[in-house]
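Accompanying notes for the structure given below.
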Number of protein chains: 2
Amino acid sequence: MDEPGWLDAQEDRAWRGYRRMRRLLDLELARELMQDAGLSEPDYDVLSDLSETPEQRLRLSELADRMLWSRSRLSHHISRMQQRGLVTREVCATDGRGSVVVLTPAGRQAVEAAAPGHAAAVRRHLIDRLTPAEVAALGTLSQRVIDHLTGRPTARSEAED
Amino acid sequence: MDEPGWLDAQEDRAWRGYRRMRRLLDLELARELMQDAGLSEPDYDVLSDLSETPEQRLRLSELADRMLWSRSRLSHHISRMQQRGLVTREVCATDGRGSVVVLTPAGRQAVEAAAPGHAAAVRRHLIDRLTPAEVAALGTLSQRVIDHLTGRPTARSEAED
DNA sequence: GCAGTTTGGTTGACATGTCATCGATCGGCT
DNA sequence: AGCCGATCGATGACATGTCAACCAAACTGC
């Protein structure tokens with residue numbers, strides 16, 4: 001079929017809308033999170049991922065992979081969070097090179113204090129603006145894009161190009 | 001007692017998926033854009049917005065508002081792009097305080113060289129992964145969230161909460 | 001066991017973004 | 001005209017993210 005250069009009106013609307021939504025949502029969620037809980041979004045994401053593990057701890061590289069961050073970025077960020085007492089570092093028992101990021105009680109308390117408000121904000125600004133069908137569509141659409149970008153084969157509707 | 005704020009499984013899937021898609025899409029589009037055109041996404045956005053104006057120029061504040069950037073951020077960024085010869089600054093004719101960001105021929109050439117590849121990447125990684133219905137849904141859904149965040153009254157389906 | 005390579009993480013230099021502040025206009029008001 | 005508060009944009013200090021170089025421990029093959 002025709003080699004696609006540009007986006008048509010509908011596609012352009014979706015692309016521009018998506019980016020504008022992203023930006024506005026980021027700004028608002030970050031603003032509320034900082035105001036209500038004193039955490040940046042990256043802070044919250046780190047704490048949240050850690051708190052979801054049974055032992056409240058993760059290898060640095062494992063955490064970096066989950067968050068799609070570089071090890072360097074995470075290492076720097078953990079250093080800063082460590083200064084604030086939200087996490088600590090431990091040497092990995094099974095790998096002398098490795099370090100393990102551990103949630104402190106203060107860190108745990110911080111996420112737990114932040115989580116309800118943050119979830120409510122996500123709901124208020126995004127989820128509650130969407131119909132159930134749109135929520136479902138966003139979920140499946142995202143997953144399909146993720147699969148494509150991570151090299152997993154997924155069908156869109158009929159054929160892959 | 002479960003709080004009204006939490007996300008159910010479907011909503012959580014949409015939210016996590018959205019964020020992961022965002023991140024992966026950013027990484028890939030930025031990577032390709034840098035590799036193919038030597039531009040960062042912020043660079044491209046600035047050049048793109050400028051090139052869409054009839055006179056290839058915009059007041060700094062006008063550009064900042066369109067991009068949802070702070071004036072400070074844009075001022076810094078324009079300085080850097082100016083160093084690279086992509087844009088210039090002029091004093092505003094109608095307002096002695098103001099400055100006008102102007103696309104240089106080199107800047108114009110840079111966007112024009114970058115645009116087809118970037119559009120193709122957006123298509124390849126996002127648009128072409130979506131059904132037409134999903135593209136449409138993303139457009140309307142985004143617009144509704146934008147309207148809400150910018151204080152515009154919009155109905156979701158029938159009533160506002 | 002042990003050299004060579006790979007991997008996990010840290011570090012420092014640098015690029016980018018944020019925040020508060022500042023000087024210079026502009027605009028409204030008298 | 002002359003003042004006052006508001007706005008525009010620049011700037012510097014600082015926070016954050018990126019990139020490449022590095023060290024130490026782990027793997028590999030002999």
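Below, chains carry the letters A, B, ... as their sequence lines are ordered, and counting in each starts from 1. Computed from heavy atoms alone, side chains included, the values below leave out hydrogens, waters and symmetry copies. For clarity, every value in this text was computed on a predicted model and none was experimentally measured.
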Of all pairs that satisfy salt bridge (charged side-chain N to carboxylate O under 4.0 Å, His left out), the ones with a partner from [range], not counting sequence neighbours:
{"range": "residues 85-107 of chain B", "answer": "B:Arg57-B:Glu90, B:Arg59-B:Asp95, B:Asp95-B:Arg97"}
{"range": "residues 64-81 of chain A", "answer": "A:Glu62-A:Arg66"}
{"range": "residues 35-44 of chain B", "answer": "B:Asp43-B:Arg84"}
{"range": "residues 100-116 of chain A", "answer": "A:Arg108-A:Glu112"}

**OP:** Return the 5'-most residue of the pair A:Ser70, B:Arg73 with respect to DNA chain D, ranking by each residue's nearest nucleotide.
**Re:**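 Nearest-nucleotide comparison on DNA chain D picks B:Arg73.
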Residue pairs passing the ring pair (Phe, Tyr, Trp, His ring centres under 6.0 Å) test where at least one lies in [range], sequence neighbours excluded:
{"range": "residues 83-103 of chain B", "result": "none"}
{"range": "residues 87-117 of chain B", "result": "none"}
{"range": "residues 83-105 of chain B", "result": "none"}

Subject >> Segment of DNA chain C, first to last nucleotide, that comes within the 4.0 Å heavy-atom reach of chain A >> reply: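 It runs C:dT7 to C:dG12.
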What are the atom names and distances for every N/O pair under 3.5 Å that joins the protein to nucleotides 7-10 of chain D?
{"unit_1": "D:dT7", "atom_1": "O2", "unit_2": "B:Arg97", "atom_2": "NH1", "d": "2.7"}
{"unit_1": "D:dC8", "atom_1": "OP2", "unit_2": "B:Arg71", "atom_2": "NH1", "d": "3.3"}
{"unit_1": "D:dC8", "atom_1": "OP2", "unit_2": "B:Arg71", "atom_2": "NH2", "d": "3.4"}
{"unit_1": "D:dC8", "atom_1": "O3'", "unit_2": "B:Arg59", "atom_2": "NH2", "d": "3.2"}
{"unit_1": "D:dG9", "atom_1": "OP1", "unit_2": "B:Arg59", "atom_2": "NE", "d": "2.9"}
{"unit_1": "D:dG9", "atom_1": "OP1", "unit_2": "B:Arg59", "atom_2": "NH2", "d": "3.4"}
{"unit_1": "D:dG9", "atom_1": "OP1", "unit_2": "B:Ser99", "atom_2": "N", "d": "3.1"}
{"unit_1": "D:dG9", "atom_1": "OP1", "unit_2": "B:Ser99", "atom_2": "O", "d": "3.2"}
{"unit_1": "D:dG9", "atom_1": "OP2", "unit_2": "B:Ser61", "atom_2": "N", "d": "2.9"}
{"unit_1": "D:dG9", "atom_1": "OP2", "unit_2": "B:Ser61", "atom_2": "OG", "d": "2.9"}
{"unit_1": "D:dG9", "atom_1": "O3'", "unit_2": "B:Ser99", "atom_2": "OG", "d": "3.0"}
{"unit_1": "D:dA10", "atom_1": "OP1", "unit_2": "B:Arg89", "atom_2": "NH1", "d": "2.6"}
{"unit_1": "D:dA10", "atom_1": "OP2", "unit_2": "B:Ser75", "atom_2": "OG", "d": "2.5"}
{"unit_1": "D:dA10", "atom_1": "OP2", "unit_2": "B:Arg89", "atom_2": "NH1", "d": "2.8"}

Subject >> Ion pair B:Arg123/A:Glu11, N-O distance below 4.0 Å >> reply: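 A salt bridge links B:Arg123 with A:Glu11.
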Subject >> Residues within residues 45-54 of chain B bordering DNA chain C, heavy-atom distance below 4.0 Å >> reply: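 Of all residues in residues 45-54 of chain B, none places a heavy atom under 4.0 Å from DNA chain C.
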Original post:
Can you list, by residue number, the residues of residues 15-22 of chain B that have a non-hydrogen atom closer than 4.0 angstrom to DNA chain D?
Top reply: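 Within this stretch, nothing sits under 4.0 Å of the strand.
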Identify each donor-acceptor pair in which a side-chain atom of residues 113-122 of chain B lies under 3.5 Å from a protein atom, sequence neighbours left out, and give them as a table.
none

